[in-house]
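Take a look at the structure below.
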Amino acid sequence: MWHSLSVQLSLALGQQFEVEEKTPIDGGDINECYAIASGNMRFFVKVNSRDNLPIFEAEAEGLRHLANSGEISIPQVIYIGIIKEKSVLVLDYIPMKQLDEESAYLLGKELARLHQWGEQLEYGFDIDNFIGTTEQRNSWHRKWANFFADHRIGFQLQLAEEKGMSFGDVEAIVEAVKERLNGHQPKASLVHGDLWKGNASSTMNGSIVYDPACYWGDREVDLAMTYLFGGFPEEFYNGYEEVWPLDEGFEDRKDLYNLYHMLNHCLLFGGPYLAETEALINKLELV
């Protein structure tokens, strides 16, 4: 595979590239990941089965949208395709470390500017994409309450039932979510969509985000997720509030928005997330 990838990268770069070094990197629970090098050129490579190509294509599309904003740093897409029956996504290699106080503060300001960027009258995205490996529906809606209730909570609940997991009457929960968000019609912001601490880092030039699940939605979904799975440094929120303070009622909506990600973790990993998600649904009084 690596020789074939060298050929494809040479074509994409317009210069000779031959994989001389290949180092496995911890890439989470889904992909095989490597750092590859040829001379002074280094790239980050994700590898998965051939069937995973649509997930890589959606990730690349999200990165391109974030790059188009010019407001936030992301890795550049170098190559995407099928090599030796494997789907491959190649990004530029950027040395990273955990967010520190300074980079977290800068990221907060950059994210706020991203959320302010663009003029979109509806909620959704031009393509359906993925949250992890779970399909994410993005058909356009004019009303935020309907978009989030139907395409986020409702769709996840339907997928859960197909896997034998029931959290209550789907239609009743969806209607309860719509009622909870009734009258909340925020600016449609380009959101990262999967912004937990594992998808943001510090670099020598500031901060960077990656692995997006982009769509146009309520900016608060990004802020809400930053409180899950370990959370972000307090300086991140200070930076965000300095540019664009959050609307009244965010604390009331935060758990509702994070229910989406808890449901998705039930689909992906099951186990302890089942009880946590049931508890969250009861806390929100959706059943």
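Within the 4.5 Å cutoff, no side-chain heavy atoms of Asn48 are placed close to those of Lys86. Put simply, the side chain of Arg50 does not reach to within 4.5 Å of the side chain of Ser87, judged on heavy atoms. Side-chain atoms of Phe167 and Leu274, non-hydrogen and from C-beta on, do get closer than 4.5 Å to each other. A 4.5 Å side-chain heavy-atom check between Val47 and Met1 finds at least one atom pair inside the cut-off. Looking at heavy atoms from C-beta onward, Trp140 lies out of side-chain contact with Tyr123 at the 4.5 angstrom threshold. Between Arg180 and Leu284, some side-chain heavy-atom pair lies under the 4.5 Å cut-off. Side-chain contact between Ile55 and Ile30: absent, with no pair of heavy atoms (C-beta onward) separated by less than 4.5 Å. Using a 4.5 Å heavy-atom threshold, the side chains of His151 and Ser139 count as touching.
Using a 4.0 Å cut-off between charged nitrogen and carboxylate oxygen, Asp218 and Arg152 do not count as a salt-bridge pair.
Nearest approach of Thr277 to Cys266, heavy atoms of both residues: OG1-SG, 3.1 Å. Of all heavy-atom pairs spanning Ser201 and Met96, the tightest one is CB-CB, 3.7 Å. Among all heavy-atom pairs drawn from Ser207 and Leu106, the shortest one is OG-C, 4.3 Å. Shown here for His192 and Asp211, the closest heavy-atom pair between the two residues is CE1-O, 3.4 Å. Smallest separation of non-hydrogen atoms from Gly39 and Glu20: N-OE1, 3.0 Å. Contact record, Gly124 with Phe147: CA-CE1, 3.6 Å, taken as the closest heavy-atom pair.
When ring centroids are compared, Tyr257 and Tyr227 stay outside the 6.0 Å threshold. Between His265 and Phe229, the ring center distance clears the sub-6.0 Å criterion. In this structure, Phe17 has its ring center under 6.0 Å from that of Phe43.
Within the model, atoms CG of Asp126 and SG of Cys214 stand 12.0 Å from one another, a figure rounded to the nearest 0.5 Å. Met41 contributes atom CE, which lies 9.0 Å from atom CG of Leu9 (distance to the nearest 0.5 angstrom). Put simply, CE on Met225 and CG on Asn199 are 7.5 Å apart, with the number rounded to the nearest 0.5 Å.
Counted by atom type alone, His115 and Asp222 present one or more donor-acceptor pairs between their side chains at under 3.5 Å. Looking only at atom types and distance, the side chain of Tyr215 has no donor-acceptor partner in the side chain of Gln120 under 3.5 Å away. Remark: the Asp247 side chain and the His184 side chain contain no N/O donor-acceptor pair separated by less than 3.5 Å.
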Run the side chain to side chain donor-acceptor pair (under 3.5 Å) test on Ser103 and Asp100 for me, step by step, so that the C-alpha distance in whole Å, both residues' side-chain angles and the decisive distance to 0.1 Å come before the verdict. CA-CA 5 Å; Ser103 59; Asp100 56 23; 2.7 Å; yes

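In this pair, Phe236 and Tyr240 present their aromatic rings tilted. The plane angle is within the 30 to 60° band.
Within a 6.0 Å radius of CD in Glu101, other residues, nucleotides and ligands contribute 12 heavy atoms or fewer.
Considering Asp128, Asp194, Asn129 in turn, Asn129 is the only one that fulfils the side chain to side chain donor-acceptor pair (under 3.5 Å) rule with Gln136. Asp150 pairs with exactly one of Arg137, Lys178, Lys143 by the salt bridge (Lys or Arg N to Asp or Glu O under 4.0 Å) rule, that one being Lys178.
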